S.K.: 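One structure, as C-alpha coordinates, below. Some questions next.
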Amino acid sequence: MAMSSTPNILLSLFSIHFLLSLVKINEAKVPAIIVFGDSSVDAGNNNYIPTIARSNFEPYGRDFNGGHPTGRFSNGKIATDFISQAFGLKGAIPAYLDPSYSISDFATGVTFASAGTGYDNATSNVLSVIPLWKELEYYKDYQTKLRANLGDGKANDIIKDALYMISVGTNDFLENYYAVPGRSSQYTIKEYENFLVGIAGNFTKALYDLGARKISLGGLPPMGCMPLERTGNLMGGSECVNSYNNLAAEFNSKLNDLVIKQNKELNGMDMVFSDPYGIMLDIIQKPAFYGFEVTGVACCATGMFEMGYACSRTNPFTCSDADKYVFWDSFHPTEKTNAIVANHVVQTSLAKFF
(Lines give C-alpha, C1' and ligand atoms only; values in the text may rest on other atoms or scores of the structure.)
Protein backbone atom coordinates (compact mmCIF):
# COMPACT_ATOMS: atom_id res chain seq x y z
CA MET A 1 0.00 0.00 0.00
CA ALA A 2 1.60 3.24 -1.13
CA MET A 3 1.83 5.88 1.56
CA SER A 4 3.07 9.40 1.07
CA SER A 5 2.08 11.39 4.13
CA THR A 6 0.09 11.28 7.31
CA PRO A 7 -2.54 13.74 5.99
CA ASN A 8 -3.21 11.32 3.13
CA ILE A 9 -3.97 8.42 5.43
CA LEU A 10 -6.14 10.60 7.64
CA LEU A 11 -8.05 11.68 4.56
CA SER A 12 -8.43 8.02 3.63
CA LEU A 13 -9.95 7.22 7.01
CA PHE A 14 -12.75 9.68 6.34
CA SER A 15 -13.50 8.30 2.90
CA ILE A 16 -16.27 6.03 4.18
CA HIS A 17 -18.24 9.18 4.94
CA PHE A 18 -17.57 10.55 1.45
CA LEU A 19 -18.67 7.24 -0.04
CA LEU A 20 -21.77 7.35 2.13
CA SER A 21 -22.72 10.72 0.62
CA LEU A 22 -21.94 9.47 -2.87
CA VAL A 23 -24.15 6.42 -2.47
CA LYS A 24 -27.08 8.48 -1.22
CA ILE A 25 -26.81 10.71 -4.28
CA ASN A 26 -26.56 7.86 -6.77
CA GLU A 27 -28.97 5.43 -5.06
CA ALA A 28 -27.31 2.37 -3.62
CA LYS A 29 -26.98 -0.66 -5.86
CA VAL A 30 -26.81 -2.83 -2.75
CA PRO A 31 -30.08 -2.94 -0.75
CA ALA A 32 -28.75 -5.17 2.04
CA ILE A 33 -25.56 -6.61 3.55
CA ILE A 34 -25.94 -10.29 4.47
CA VAL A 35 -23.13 -11.74 6.59
CA PHE A 36 -21.81 -15.21 7.39
CA GLY A 37 -18.81 -16.18 9.46
CA ASP A 38 -17.15 -16.16 12.88
CA SER A 39 -16.41 -13.71 15.69
CA SER A 40 -14.98 -11.17 13.24
CA VAL A 41 -18.55 -10.54 12.04
CA ASP A 42 -20.80 -11.92 14.83
CA ALA A 43 -23.00 -9.17 16.26
CA GLY A 44 -24.46 -11.30 19.04
CA ASN A 45 -25.88 -14.56 17.71
CA ASN A 46 -23.89 -16.48 20.31
CA ASN A 47 -25.81 -14.68 23.05
CA TYR A 48 -28.74 -16.99 22.24
CA ILE A 49 -27.02 -20.38 22.15
CA PRO A 50 -25.40 -22.39 24.98
CA THR A 51 -21.70 -21.60 24.51
CA ILE A 52 -18.91 -19.90 26.43
CA ALA A 53 -17.89 -18.05 23.24
CA ARG A 54 -19.67 -14.83 24.20
CA SER A 55 -18.93 -11.15 24.66
CA ASN A 56 -22.28 -9.67 25.75
CA PHE A 57 -20.83 -8.13 28.90
CA GLU A 58 -18.55 -5.26 29.85
CA PRO A 59 -15.97 -4.14 28.93
CA TYR A 60 -16.98 -5.39 25.46
CA GLY A 61 -19.00 -2.74 23.67
CA ARG A 62 -17.93 0.04 26.01
CA ASP A 63 -17.55 2.37 23.00
CA PHE A 64 -20.59 1.05 21.11
CA ASN A 65 -23.48 3.51 21.05
CA GLY A 66 -22.70 4.94 24.45
CA GLY A 67 -21.45 1.74 26.03
CA HIS A 68 -23.58 -1.24 25.14
CA PRO A 69 -22.19 -4.80 25.05
CA THR A 70 -23.95 -6.57 22.18
CA GLY A 71 -21.97 -9.73 21.59
CA ARG A 72 -19.54 -8.07 19.20
CA PHE A 73 -15.97 -9.04 20.04
CA SER A 74 -14.74 -5.45 20.13
CA ASN A 75 -14.91 -2.30 22.21
CA GLY A 76 -17.24 -0.93 19.53
CA LYS A 77 -18.26 -1.67 15.98
CA ILE A 78 -16.95 -4.46 13.79
CA ALA A 79 -15.85 -4.15 10.15
CA THR A 80 -19.19 -5.12 8.60
CA ASP A 81 -20.94 -2.34 10.54
CA PHE A 82 -18.66 0.22 8.88
CA ILE A 83 -19.12 -1.42 5.48
CA SER A 84 -22.91 -1.26 5.86
CA GLN A 85 -22.64 2.42 6.69
CA ALA A 86 -20.45 3.00 3.64
CA PHE A 87 -23.16 1.56 1.43
CA GLY A 88 -25.68 3.99 2.86
CA LEU A 89 -27.37 1.34 4.96
CA LYS A 90 -27.67 0.98 8.73
CA GLY A 91 -24.66 1.77 10.91
CA ALA A 92 -24.80 -1.57 12.73
CA ILE A 93 -25.84 -4.93 11.28
CA PRO A 94 -28.05 -6.90 13.71
CA ALA A 95 -27.71 -10.55 14.69
CA TYR A 96 -30.39 -12.85 13.25
CA LEU A 97 -31.07 -14.60 16.56
CA ASP A 98 -31.61 -11.34 18.45
CA PRO A 99 -35.34 -11.27 19.28
CA SER A 100 -35.40 -7.49 19.58
CA TYR A 101 -35.20 -7.24 15.77
CA SER A 102 -37.81 -8.22 13.19
CA ILE A 103 -37.65 -9.27 9.55
CA SER A 104 -38.22 -5.65 8.55
CA ASP A 105 -34.98 -4.75 10.37
CA PHE A 106 -33.14 -7.63 8.69
CA ALA A 107 -34.34 -6.60 5.22
CA THR A 108 -31.44 -4.15 4.88
CA GLY A 109 -28.81 -6.16 6.72
CA VAL A 110 -28.35 -9.22 8.91
CA THR A 111 -25.56 -11.39 10.23
CA PHE A 112 -25.82 -15.14 10.78
CA ALA A 113 -22.24 -15.34 12.04
CA SER A 114 -21.22 -17.24 15.15
CA ALA A 115 -18.06 -16.59 17.15
CA GLY A 116 -15.83 -19.66 17.27
CA THR A 117 -17.12 -21.29 14.09
CA GLY A 118 -15.18 -22.28 10.98
CA TYR A 119 -15.54 -23.84 7.56
CA ASP A 120 -14.98 -27.23 9.19
CA ASN A 121 -17.89 -28.62 11.26
CA ALA A 122 -15.31 -29.97 13.71
CA THR A 123 -14.26 -26.38 14.45
CA SER A 124 -17.76 -25.35 15.52
CA ASN A 125 -17.86 -28.37 17.82
CA VAL A 126 -14.87 -27.12 19.85
CA LEU A 127 -16.92 -24.38 21.56
CA SER A 128 -20.41 -25.68 20.68
CA VAL A 129 -21.25 -22.82 18.33
CA ILE A 130 -23.27 -22.53 15.12
CA PRO A 131 -21.68 -24.45 12.22
CA LEU A 132 -21.53 -22.84 8.82
CA TRP A 133 -24.15 -25.20 7.39
CA LYS A 134 -26.56 -24.04 10.12
CA GLU A 135 -25.88 -20.40 9.23
CA LEU A 136 -27.03 -21.30 5.72
CA GLU A 137 -30.19 -22.90 7.13
CA TYR A 138 -30.91 -19.68 9.02
CA TYR A 139 -30.46 -17.80 5.75
CA LYS A 140 -33.04 -20.04 4.05
CA ASP A 141 -35.41 -19.28 6.91
CA TYR A 142 -34.65 -15.57 6.41
CA GLN A 143 -35.57 -15.83 2.73
CA THR A 144 -38.93 -17.40 3.61
CA LYS A 145 -39.71 -14.65 6.13
CA LEU A 146 -38.54 -11.93 3.73
CA ARG A 147 -40.88 -13.16 0.99
CA ALA A 148 -43.76 -13.40 3.42
CA ASN A 149 -43.10 -9.85 4.62
CA LEU A 150 -42.32 -8.05 1.36
CA GLY A 151 -43.81 -10.26 -1.33
CA ASP A 152 -41.87 -12.41 -3.78
CA GLY A 153 -40.93 -9.62 -6.18
CA LYS A 154 -39.34 -7.21 -3.73
CA ALA A 155 -37.78 -10.00 -1.66
CA ASN A 156 -36.22 -11.56 -4.75
CA ASP A 157 -34.75 -8.20 -5.74
CA ILE A 158 -33.12 -7.86 -2.32
CA ILE A 159 -31.80 -11.43 -2.48
CA LYS A 160 -30.33 -10.86 -5.95
CA ASP A 161 -28.82 -7.43 -5.33
CA ALA A 162 -27.64 -7.83 -1.72
CA LEU A 163 -23.95 -8.05 -0.92
CA TYR A 164 -23.08 -11.32 0.80
CA MET A 165 -20.02 -11.16 3.02
CA ILE A 166 -18.17 -14.22 4.33
CA SER A 167 -15.47 -13.90 7.01
CA VAL A 168 -14.31 -17.21 8.49
CA GLY A 169 -11.33 -19.55 8.63
CA THR A 170 -8.99 -18.40 11.39
CA ASN A 171 -10.57 -20.71 13.97
CA ASP A 172 -10.13 -23.72 11.70
CA PHE A 173 -6.39 -23.39 12.14
CA LEU A 174 -5.87 -21.82 15.57
CA GLU A 175 -8.74 -23.39 17.54
CA ASN A 176 -8.97 -26.68 15.70
CA TYR A 177 -6.06 -27.97 13.60
CA TYR A 178 -3.24 -26.73 15.85
CA ALA A 179 -5.14 -26.90 19.15
CA VAL A 180 -7.06 -30.18 19.40
CA PRO A 181 -6.34 -33.75 18.25
CA GLY A 182 -8.14 -34.95 15.17
CA ARG A 183 -7.69 -33.06 11.94
CA SER A 184 -3.90 -32.86 12.25
CA SER A 185 -3.73 -36.67 12.26
CA GLN A 186 -6.04 -36.89 9.24
CA TYR A 187 -4.56 -34.17 7.04
CA THR A 188 -1.25 -32.48 6.39
CA ILE A 189 -1.61 -28.72 6.71
CA LYS A 190 -1.76 -28.27 2.93
CA GLU A 191 -4.38 -31.01 2.64
CA TYR A 192 -6.39 -29.31 5.36
CA GLU A 193 -6.19 -25.99 3.50
CA ASN A 194 -7.54 -27.70 0.39
CA PHE A 195 -10.27 -29.39 2.45
CA LEU A 196 -11.38 -25.97 3.76
CA VAL A 197 -11.26 -24.37 0.32
CA GLY A 198 -13.52 -27.16 -0.93
CA ILE A 199 -16.03 -26.34 1.81
CA ALA A 200 -15.78 -22.64 0.95
CA GLY A 201 -16.52 -23.43 -2.69
CA ASN A 202 -19.54 -25.54 -1.77
CA PHE A 203 -20.81 -22.75 0.47
CA THR A 204 -20.52 -19.99 -2.14
CA LYS A 205 -22.13 -22.30 -4.73
CA ALA A 206 -25.01 -22.94 -2.30
CA LEU A 207 -25.48 -19.18 -1.88
CA TYR A 208 -25.45 -18.78 -5.66
CA ASP A 209 -28.09 -21.49 -6.02
CA LEU A 210 -30.23 -19.60 -3.48
CA GLY A 211 -30.06 -16.42 -5.57
CA ALA A 212 -26.92 -14.63 -4.35
CA ARG A 213 -24.82 -12.96 -7.03
CA LYS A 214 -22.63 -10.35 -5.27
CA ILE A 215 -20.35 -12.17 -2.84
CA SER A 216 -17.30 -11.04 -0.88
CA LEU A 217 -15.18 -13.98 0.22
CA GLY A 218 -12.96 -12.76 3.03
CA GLY A 219 -9.41 -13.89 3.64
CA LEU A 220 -7.48 -14.48 6.83
CA PRO A 221 -5.60 -11.74 8.71
CA PRO A 222 -1.93 -12.17 9.67
CA MET A 223 -3.01 -14.50 12.47
CA GLY A 224 0.51 -15.00 13.75
CA CYS A 225 0.43 -11.39 14.95
CA MET A 226 -2.55 -11.80 17.24
CA PRO A 227 -1.46 -11.09 20.83
CA LEU A 228 -2.48 -14.62 21.88
CA GLU A 229 -0.07 -16.14 19.38
CA ARG A 230 2.70 -13.66 20.17
CA THR A 231 2.35 -14.43 23.89
CA GLY A 232 2.98 -18.09 23.15
CA ASN A 233 5.98 -17.34 20.95
CA LEU A 234 8.47 -17.20 23.84
CA MET A 235 11.36 -18.59 21.82
CA GLY A 236 10.71 -15.94 19.19
CA GLY A 237 10.80 -13.02 21.62
CA SER A 238 6.99 -12.64 21.54
CA GLU A 239 7.17 -11.44 17.95
CA CYS A 240 4.66 -12.46 15.27
CA VAL A 241 4.62 -16.18 14.49
CA ASN A 242 5.80 -16.14 10.88
CA SER A 243 4.69 -19.70 10.15
CA TYR A 244 1.08 -18.77 10.94
CA ASN A 245 1.31 -15.61 8.84
CA ASN A 246 2.73 -17.56 5.92
CA LEU A 247 -0.08 -20.11 6.28
CA ALA A 248 -2.69 -17.33 6.21
CA ALA A 249 -1.13 -15.83 3.06
CA GLU A 250 -1.02 -19.24 1.36
CA PHE A 251 -4.64 -20.00 2.28
CA ASN A 252 -5.71 -16.57 1.02
CA SER A 253 -4.08 -17.30 -2.32
CA LYS A 254 -6.13 -20.49 -2.61
CA LEU A 255 -9.34 -18.62 -1.75
CA ASN A 256 -8.52 -16.04 -4.41
CA ASP A 257 -8.06 -18.85 -6.95
CA LEU A 258 -11.49 -20.18 -5.93
CA VAL A 259 -13.05 -16.78 -6.59
CA ILE A 260 -11.53 -16.62 -10.08
CA LYS A 261 -12.66 -20.19 -10.83
CA GLN A 262 -16.27 -19.75 -9.71
CA ASN A 263 -16.68 -16.42 -11.48
CA LYS A 264 -15.87 -18.28 -14.71
CA GLU A 265 -18.05 -21.29 -13.95
CA LEU A 266 -21.20 -19.70 -12.53
CA ASN A 267 -23.17 -17.50 -14.91
CA GLY A 268 -23.85 -14.07 -13.40
CA MET A 269 -21.68 -14.70 -10.34
CA ASP A 270 -19.85 -11.53 -9.27
CA MET A 271 -17.61 -12.65 -6.42
CA VAL A 272 -14.62 -10.75 -5.06
CA PHE A 273 -11.84 -11.72 -2.69
CA SER A 274 -11.61 -9.27 0.23
CA ASP A 275 -8.17 -9.45 1.79
CA PRO A 276 -7.53 -8.02 5.28
CA TYR A 277 -4.01 -9.45 5.44
CA GLY A 278 -2.00 -6.65 3.86
CA ILE A 279 -3.68 -3.73 5.60
CA MET A 280 -3.58 -5.48 9.00
CA LEU A 281 0.11 -6.28 8.63
CA ASP A 282 0.82 -2.71 7.59
CA ILE A 283 -0.98 -1.40 10.69
CA ILE A 284 1.02 -3.77 12.91
CA GLN A 285 4.35 -2.91 11.27
CA LYS A 286 3.74 0.86 11.08
CA PRO A 287 1.38 1.59 13.99
CA ALA A 288 2.33 5.25 14.46
CA PHE A 289 1.35 5.98 10.87
CA TYR A 290 -2.20 4.95 11.69
CA GLY A 291 -2.27 6.60 15.11
CA PHE A 292 -1.63 3.49 17.20
CA GLU A 293 0.84 3.05 20.04
CA VAL A 294 0.52 -0.62 21.02
CA THR A 295 0.52 -3.67 18.73
CA GLY A 296 1.96 -6.60 20.69
CA VAL A 297 -0.63 -6.79 23.45
CA ALA A 298 -4.32 -5.98 23.56
CA CYS A 299 -6.30 -3.38 25.49
CA CYS A 300 -8.34 -5.77 27.60
CA ALA A 301 -6.86 -7.11 30.86
CA THR A 302 -3.14 -7.93 30.48
CA GLY A 303 -3.68 -8.04 26.72
CA MET A 304 -1.63 -11.21 26.43
CA PHE A 305 -4.15 -14.06 26.36
CA GLU A 306 -7.58 -12.86 27.55
CA MET A 307 -10.75 -12.94 25.45
CA GLY A 308 -14.38 -13.71 26.16
CA TYR A 309 -15.11 -14.24 29.85
CA ALA A 310 -11.41 -13.81 30.71
CA CYS A 311 -11.79 -10.23 29.49
CA SER A 312 -13.34 -9.14 32.78
CA ARG A 313 -14.95 -5.81 33.50
CA THR A 314 -13.17 -5.71 36.85
CA ASN A 315 -9.66 -6.32 35.55
CA PRO A 316 -7.51 -3.35 36.64
CA PHE A 317 -5.10 -3.70 33.72
CA THR A 318 -7.60 -2.92 30.94
CA CYS A 319 -6.52 0.18 29.04
CA SER A 320 -8.44 3.44 29.24
CA ASP A 321 -8.12 4.40 25.55
CA ALA A 322 -8.67 1.55 23.10
CA ASP A 323 -7.86 3.81 20.13
CA LYS A 324 -4.17 3.51 21.02
CA TYR A 325 -4.32 -0.27 20.58
CA VAL A 326 -4.52 -2.35 17.40
CA PHE A 327 -6.17 -5.21 19.32
CA TRP A 328 -9.04 -5.08 21.79
CA ASP A 329 -8.62 -8.57 23.23
CA SER A 330 -5.96 -11.16 22.46
CA PHE A 331 -7.75 -12.29 19.29
CA HIS A 332 -9.84 -9.38 18.01
CA PRO A 333 -9.15 -5.85 16.72
CA THR A 334 -10.36 -2.62 18.28
CA GLU A 335 -13.13 -0.58 16.69
CA LYS A 336 -10.52 1.80 15.26
CA THR A 337 -8.67 -1.06 13.56
CA ASN A 338 -11.96 -2.44 12.25
CA ALA A 339 -12.75 0.96 10.74
CA ILE A 340 -9.41 1.13 8.91
CA VAL A 341 -9.71 -2.42 7.59
CA ALA A 342 -13.31 -1.81 6.49
CA ASN A 343 -12.29 1.39 4.74
CA HIS A 344 -9.54 -0.47 2.88
CA VAL A 345 -11.91 -3.22 1.75
CA VAL A 346 -14.53 -0.68 0.65
CA GLN A 347 -11.99 1.15 -1.49
CA THR A 348 -10.52 -2.00 -3.04
CA SER A 349 -12.53 -5.21 -3.51
CA LEU A 350 -15.97 -3.75 -2.77
CA ALA A 351 -15.61 -0.56 -4.80
CA LYS A 352 -17.16 -2.22 -7.87
CA PHE A 353 -20.47 -2.67 -6.06
CA PHE A 354 -21.08 1.05 -5.53
Side-chain angles (χ1 to χ4, degrees), residues 33-62 64 68-81 83 92-99 101 109-139 165-180 196 203 218-221 223 226-229 276 298-301 305-313 327-335 337-338 341-342:
I33 307 284
I34 298 174
V35 185
F36 303 88
D38 56 22
S39 59
S40 60
V41 288
D42 183 1
N45 284 309
N46 279 17
N47 301 350
Y48 306 98
I49 62 171
T51 178
I52 62 167
R54 292 188 182 182
S55 60
N56 57 333
F57 46 83
E58 297 177 350
Y60 287 97
R62 73 179 192 191
F64 184 90
H68 180 54
T70 60
R72 289 169 172 82
F73 280 79
S74 176
N75 60 301
K77 292 185 177 184
I78 52 179
T80 40
D81 294 325
I83 290 168
I93 297 179
Y96 188 62
L97 298 185
D98 188 337
Y101 294 96
V110 61
T111 179
F112 303 98
S114 176
T117 202
Y119 285 113
D120 186 355
N121 286 341
T123 303
S124 61
N125 291 340
V126 175
L127 294 173
S128 301
V129 297
I130 303 167
L132 200 58
W133 67 264
K134 182 65 173 179
E135 292 187 26
L136 193 67
E137 290 301 309
Y138 282 134
Y139 171 62
M165 302 201 69
I166 304 163
S167 178
V168 67
T170 304
N171 297 322
D172 290 305
F173 297 104
L174 298 186
E175 288 190 14
N176 184 359
Y177 190 89
Y178 287 116
V180 298
L196 298 179
F203 187 78
L220 303 187
M223 57 191 185
M226 292 173 174
L228 182 66
E229 305 310 322
C299 170
C300 182
F305 58 86
E306 297 92 347
M307 61 178 152
Y309 284 109
C311 182
S312 169
R313 175 173 62 102
F327 290 93
W328 166 247
D329 65 18
S330 67
F331 214 78
H332 304 97
T334 56
E335 179 182 66
T337 305
N338 285 329
V341 172

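Computed from a prediction, not measured in an experiment: that's the story for all the values here. Starting from 1, each residue takes its place in the sequence as its number.
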S.K.: Please list, chain by chain and in numerical order, all residues satisfying ring-ring contact (aromatic ring centres under 6.0 Å, His included) with Tyr48, sequence neighbours excluded.
M.R.: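 Testing Tyr48 for ring-ring contact (aromatic ring centres under 6.0 Å, His included), a comparison that skips the adjacent residues, returns none.
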S.K.: Keeping to residues at least two apart or across chains, list the side chain to side chain donor-acceptor pair (under 3.5 Å) pairs with something in residues 121-130.
M.R.: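 Pairs touching residues 121-130 that pass the test: Thr123-Asp172, Thr123-Asn176.
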S.K.: Measure from the side-chain N and O atoms of Asp329 to the backbone N and O of Met307, and report whether any donor-acceptor pair falls under 3.5 Å.
M.R.: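 Such a contact is absent between Asp329 side chain and Met307 backbone.
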S.K.: Which pair of non-hydrogen atoms, one from Thr51 and one from Arg54, has the smallest distance, and what is that distance?
M.R.: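 That would be O-NE, 3.4 Å.
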S.K.: What are the two closest heavy atoms between Gly118 and Leu132, and how far apart are they?
M.R.: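 So the minimum-distance heavy-atom pair works out to O-CB, 3.8 Å.
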S.K.: Test of understanding: with ring-ring contact (aromatic ring centres under 6.0 Å, His included), list the residues that count as partners of Phe36, not counting sequence neighbours.
M.R.: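 Partners of Phe36 by the ring-ring contact (aromatic ring centres under 6.0 Å, His included) criterion, ordered by chain and then number, come out as Phe112, Tyr139, Phe203.
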S.K.: Please list, chain by chain and in numerical order, all residues satisfying salt bridge (Lys or Arg N to Asp or Glu O under 4.0 Å) with Asp81, sequence neighbours excluded.
M.R.: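 By the salt bridge (Lys or Arg N to Asp or Glu O under 4.0 Å) rule, Asp81 matches Arg72.
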S.K.: Taking side-chain contact (heavy atoms from CB on, under 4.5 Å) as the definition, give me every residue that meets it alongside Ser74, ordered by chain and number, with sequence neighbours left out.
M.R.: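 Partners of Ser74 by the side-chain contact (heavy atoms from CB on, under 4.5 Å) criterion, ordered by chain and then number, come out as Ile78, Glu335, Asn338.
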S.K.: Return yes if some donor-acceptor pair links the side-chain N/O of Asn75 with the main-chain N/O of Pro59 below 3.5 Å, else return no.
M.R.: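 A pair under 3.5 Å: no.
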S.K.: Please identify each residue that fulfils side-chain hydrogen bond (donor to acceptor under 3.5 Å, both in side chains) with Asp38, with sequence neighbours left out.
M.R.: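 Only Ser40 meet the side-chain hydrogen bond (donor to acceptor under 3.5 Å, both in side chains) criterion with Asp38.
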S.K.: Check side-chain hydrogen bond (donor to acceptor under 3.5 Å, both in side chains) between Glu306 and all other residues, then give those that pass, not counting sequence neighbours.
M.R.: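 Scan of Glu306 (side-chain hydrogen bond (donor to acceptor under 3.5 Å, both in side chains), adjacent residues dropped) gives Thr302.
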S.K.: Does atom CD1 (Ile52) have a neighbourhood of more than 12 heavy atoms from anything else shown, all under 6.0 Å?
M.R.: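 Counting neighbours around CD1 of Ile52, 12 or fewer heavy atoms of other residues, nucleotides or ligands fall under 6.0 Å, so no.
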S.K.: Rounded to the nearest 0.5 Å, what's the gap from CD1 on Ile130 to CD on Glu137? Could you check?
M.R.: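 Reported to 0.5 Å precision, the distance equals 12.5 Å.
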S.K.: For Thr337, check side-chain contact (heavy atoms from CB on, under 4.5 Å) against everything at least two apart and list the hits.
M.R.: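 Thr337 satisfies side-chain contact (heavy atoms from CB on, under 4.5 Å) with Met280, Ile283, Phe292, Val326, Pro333, Thr334, Val341 once adjacent residues are dropped.
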S.K.: I need the minimum non-hydrogen distance between Pro94 and Gly109, along with the two atoms involved.
M.R.: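 Result for this residue pair: CD-O, 3.4 Å.
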S.K.: Quick one: closest heavy-atom pair of Ser55 and Pro69, and the distance?
M.R.: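 Heavy atoms of Ser55 and Pro69 come nearest at O-CB, 4.3 Å.
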S.K.: Measuring from atom OG1 of Thr70 to atom CZ of Phe57, what distance do you get when rounded to the nearest 0.5 angstrom?
M.R.: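 Atom-to-atom, Thr70:OG1 and Phe57:CZ are 11.5 Å apart.
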S.K.: Heavy atoms only: give me the nearest Thr170-Pro221 pair and the separation to one decimal.
M.R.: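 Closest approach of Thr170 to Pro221, heavy atoms only: OG1-CD, 3.5 Å.
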S.K.: Listed by chain and number, what are the side-chain hydrogen bond (donor to acceptor under 3.5 Å, both in side chains) partners of Thr117, not counting sequence neighbours?
M.R.: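 Expected list: none.
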S.K.: I'd like to know if the side chain of Asn46 reaches the main chain of Ala53, judged simply by a donor and an acceptor atom lying under 3.5 Å from each other, with no hydrogens or angles considered.
M.R.: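 Looks like yes, one N/O pair under 3.5 Å.
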S.K.: For the CD atom of Glu175 and the OG atom of Ser39, what is their distance to the nearest 0.5 Å?
M.R.: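 One gets 7.5 Å once the value is rounded to the nearest 0.5 Å.
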S.K.: List for me each residue that meets ring-ring contact (aromatic ring centres under 6.0 Å, His included) alongside Phe173, sequence neighbours excluded, and say none if there are none.
M.R.: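 By the ring-ring contact (aromatic ring centres under 6.0 Å, His included) rule, Phe173 matches Tyr192, Phe251.
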S.K.: Please check this pair: side chain of Asn56 against backbone of Asn47, looking for a donor-acceptor N/O pair closer than 3.5 Å.
M.R.: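 Looks like no, no N/O pair under 3.5 Å.
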S.K.: Quickly, which of Tyr60, Phe331, Trp328 forms a ring pair (Phe, Tyr, Trp, His ring centres under 6.0 Å) with Phe73? Name it, please.
M.R.: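 Exactly one pass, corresponding to Tyr60.
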S.K.: Could you measure the distance from the CD1 atom of Ile83 to the CE atom of Met165? Nearest 0.5 Å is fine.
M.R.: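 Taking CD1 in Ile83 and CE in Met165, the distance rounds to 3.5 Å.
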S.K.: Quickly, which of Leu97, Asp98, Val129 forms a side-chain contact (heavy atoms from CB on, under 4.5 Å) with Asn45? Name it, please.
M.R.: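 Of Leu97, Asp98, Val129, side-chain contact (heavy atoms from CB on, under 4.5 Å) with Asn45 is met by Leu97 alone.
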S.K.: Using the test ring-ring contact (aromatic ring centres under 6.0 Å, His included), find all partners of Tyr101 that sit at least two apart in sequence or belong to another chain.
M.R.: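 None.
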S.K.: Nearest heavy-atom pair of Ala298 and Ser330: which atoms, and what distance?
M.R.: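 Distance-wise, the nearest heavy atoms are CB-N, 3.9 Å.
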S.K.: Is there a side-chain contact between Cys299 and Arg62, using heavy atoms and a 4.5 Å cut-off?
M.R.: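 Touching, per the 4.5 Å side-chain cut-off.
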S.K.: Could you check if a side-chain atom of Thr80 sits within less than 4.5 angstrom of a side-chain atom of Thr111, using non-hydrogen atoms only?
M.R.: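 In short, these two side chains do not touch, never coming nearer than 4.5 Å.
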S.K.: Who are the side-chain hydrogen bond (donor to acceptor under 3.5 Å, both in side chains) partners of Tyr177, not counting sequence neighbours?
M.R.: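 Checked Tyr177 against side-chain hydrogen bond (donor to acceptor under 3.5 Å, both in side chains); zero matches.
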